[in-house]
Amino acid sequence: MEAFQLLSRGGVQFNKKKFKNDVSLFSQVQPKKPRTKTETASGHLPSELDFFRYSKSSTEKRQISDPREAGPRKRARIEDPQNEEQEGDEAETEGGQEHGERKATKQRVTAKGQNIPSPAESFFHLKERYNLPQYLMSNLEKYGFRRPTGIQSHGCPILMEARDLAAISPTGTGKTLSYLLPVFTALRAPSTSATVGAGRGTRAVILAPTRELAHQIYNECLKLAEGRKWRIVLFSKATAATLADKSVQEKVDIIISTPLRLVAAKRSGNIDLSNVRHLILDEADRMLDPEFLEQVQEITAACTHDDIQKAVFSATLPANAEKIAMGMLRNPVRIVVGLKDTPLPLIAQSLTYVADDASKLPTLLQYLSQPYNPPIVVFAATQPRATSLAEELVLHEVPNVDCLHAGMTNKEREDAVRRMQRGECWVLVSTEVMARGMDFKGVREVINYDFPRSVQSYVHRIGRTGRAGREGKAVTYFTNEDGPFLKAIANVILQSGSTVPEWMLKLPKPSKMKRKQMGKVKRADAVNPARSIGRRDAIKKRDMIAGSKRRKETAAAGVDVDSADED
DNA sequence: AAAAAAC
């Protein structure tokens with residue numbers, strides 16, 4: 001592992017020529033026409049592919065052909081009552097409408113519940129209505145938050161009026177800030193201050209499904225907290241230990257944690273949650289998955305204060321998760337920004353046909369040998385596949401490749417995130433662990449190397465790009481085996497305003513049996529069938545690295561050394 | 001429907 005990491009970090013030379021059209025990592029992308037289409041790796045389709053029978057009339061359904069048209073077209077859709085999500089007694093508003101000024105990117109907002117607080121047009125309005133402290137206003141300005149996003153203008157008032165909230169808003173639309181602002185406003189002053197209204201100690205808990213996401217939320221907290229002596233704790237083994245001291249715990253204001261970590265502290269009696277007034281579940285549907293649910297419920301039960309406000313946030317919320325969430329909330333407001341379970345139209349999505357698993361690597365290598373827009377996030381289905389793919393890319397001289405999955409050590413994970421944030425990583429190969437919430441601002445493109453297992457997974461994965469109003473590109477590889485899952489994803493792409501070949505939508509709905517069967521197809525750990533991963537160890541890796549050097553030298557002489565790497 | 005993630 002060590003050797004591989006060294007190699008992936010520093011062992012590959014920067015190839016300027018390859019990127020001469022893209023010198024600056026963070027410069028504005030030329031708005032390209034988003035195309036959603038089916039590309040074939042080999043240029044022709046094998047006739048035995050049964051689901052391509054439907055492609056005879058492969059005319060494309062066209063909704064929005066250009067992201068710049070998204071505004072007006074979206075508007076047209078809003079006015080079409082047939083497209084409205086039907087709700088019972090609901091208030092419906094569109095941000096900005098009542099003041100005449102509307103940005104093209106504004107999305108439809110559906111709110112449901114009793115006495116729904118009206119949205120705030122600007123941070124200044126929030127301040128006027130809810131007495132937002134000046135330090136928050138300065139910090140907002142300092143960090144470039146000029147206007148609230150849809151979820152912020154609608155969600156903040158609801159939370160600031162002490163209501164429970166279920167909020168659904170697309171990826172990259174500022175959900176974190178929409179719950180942090182109300183939390184800071186409600187807490188008023190740090191525990192250490194003389195004028196604390198609501199008692200001392202932990203008064204807000206924010207839960208997230210991965211360490212990386214918890215850390216990112218923590219960083220956002222620190223931005224808003226500047227200038228005040230807030231004690232914000234990113235829960236870890238180390239911090240949990242220091243909190244065993246009651247006098248330390250009394251000074252804490254906000255805890256951000258993954259569920260199991262907090263449960264462990266609770267069980268050891270090291271944490272007092274009895275004064276928690278705000279409990280936030282980020283990536284709520286994930287947090288309500290069976291494996292997390294018990295832990296979340298244990299934490300909820302430990303938050304015994306009567307005046308507790310609960311809120312759940314996500315870009316996706318399947319019906320069963322929503323049912324559980326609503327059961328946890330008191331007289332909640334439910335708001336949906338845009339369309340539920342739908343990616344942003346800003347993301348140009350495409351599907352690429354690759355015949356089988358073995359064809360994916362050559363397809364990706366071919367793609368990465370041409371100029372592209374780094375950084376790219378590549379999603380693999382399992383940890384071994386992510387590792388294997390990253391190794392293959394490194395061995396094939398792709399520059400600045402990194403790998404990140406939960407099988408790695410904390411330090412390795414932190415290092416990978418840091419390199420990503422610094423723009424040192426151009427291709428990040430990862431698993432589902434990176435799929436949710438992570439905000440790497442420069443990510444231009446997502447590649448689903450392995451087909452996502454659910455619509456939710458797809459939406460969150462591709463949501464790593466196209467954040468905060470930027471454009472993004474998402475490519476999804478699909479093989480013959482992915483056929484049964486293709487239709488659902490095609491529908492999502494269509495929903496989000498991109499185009500999809502009509503035959504995909506005509507695919508038969510796969511039966512449960514069929515899905516079960518297909519789902520059981522075992523994916524090889526090694527991404528390159530020519531290499532066996534079974535006997536991999538440090539020595540083997542050293543050989544591979546040596547092999548890659550040899551390859552480099554012999555490549556010029558036209559000698560094929562690939563076979564030398566085989567077992 | 002299943003892997004990944006959580007310690």
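Chain A is the first sequence line, chain B the second, and so forth, proteins listed ahead of strands; every chain is numbered from 1.
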Show me the donor-acceptor pairs within less than 3.5 Å that the side chains of residues 288-297 of chain A make with the rest of the protein, sequence neighbours left out.
{"unit_1": "A:Asp289", "atom_1": "OD2", "unit_2": "A:Arg286", "atom_2": "NH1", "d": "3.0"}
{"unit_1": "A:Gln295", "atom_1": "OE1", "unit_2": "A:Leu260", "atom_2": "N", "d": "3.3"}
{"unit_1": "A:Gln295", "atom_1": "NE2", "unit_2": "A:Glu291", "atom_2": "O", "d": "3.3"}

Candidate nucleotides B:dA6, B:dA5, B:dA4, ranked by approach to the side chain of A:Pro384 - the nearest
B:dA4
Nearest to the side chain of A:Lys237, which nucleotide is it out of B:dC7, B:dA5, B:dA6?
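From the listed options, B:dC7 comes nearest.
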Quickly work out the [X] [atom1] to [N] [atom2] distance and round it to whole Å.
{"X": "A:Leu293", "N": "B:dA6", "atom1": "CG", "atom2": "P", "value": "18 Å"}
{"X": "A:Asp285", "N": "B:dA5", "atom1": "CG", "atom2": "C1'", "value": "14 Å"}
{"X": "A:Glu212", "N": "B:dA5", "atom1": "CD", "atom2": "C1'", "value": "10 Å"}
{"X": "A:Arg453", "N": "B:dA3", "atom1": "CZ", "atom2": "P", "value": "7 Å"}
{"X": "A:Lys487", "N": "B:dA1", "atom1": "NZ", "atom2": "P", "value": "15 Å"}
{"X": "A:Glu291", "N": "B:dA4", "atom1": "CD", "atom2": "C1'", "value": "8 Å"}

Before giving the answer on ring-ring contact (aromatic ring centres under 6.0 Å, His included), spell out for A:Phe379 and A:Tyr449 the whole-Å C-alpha distance, their side-chain angles and the decisive distance to 0.1 Å.
CA-CA 6 Å; A:Phe379 284 102; A:Tyr449 188 86; over 10 Å; no
Could you go through residues 164-172 of chain A and list every donor-acceptor pair under 3.5 Å that involves a side-chain atom there, pairing it with any protein atom two or more places apart or in another chain?
{"unit_1": "A:Asp164", "atom_1": "OD1", "unit_2": "A:Lys310", "atom_2": "N", "d": "2.9"}
{"unit_1": "A:Asp164", "atom_1": "OD2", "unit_2": "A:Arg330", "atom_2": "N", "d": "2.7"}
{"unit_1": "A:Ser169", "atom_1": "OG", "unit_2": "A:Thr173", "atom_2": "OG1", "d": "2.7"}

Going through the distances and angles, do A:Val475 and A:Glu445 end up as a side chain to side chain contact (heavy atoms under 4.5 Å, CB included)?
CA-CA 8 Å; A:Val475 177; A:Glu445 182 166 346; 3.8 Å; yes
Does a side-chain heavy-atom distance below 4.5 Å link A:Asn400 with A:Val427?
no
With ring centroids as reference points, do A:Tyr477 and A:Phe451 lie under 6.0 angstrom apart?
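Here the rings of A:Phe451 and A:Tyr477 have centres that are no less than 6.0 Å from each other.
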Is a donor-acceptor pair below 3.5 Å formed from side chain A:Arg286 to base B:dA4, judging by atom type as modelled?
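Result: at least one qualifying N/O pair found.
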Side-chain donor/acceptor of A:Arg211 to base of B:dA5, under 3.5 Å
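Absent.
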I need the residues from residues 256-270 of chain A with at least one non-hydrogen atom less than 4.0 Å from DNA chain B; give them sorted by number, or say none.
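Heavy-atom cutoff 4.0 Å gives A:Thr258, A:Leu260, A:Arg261.
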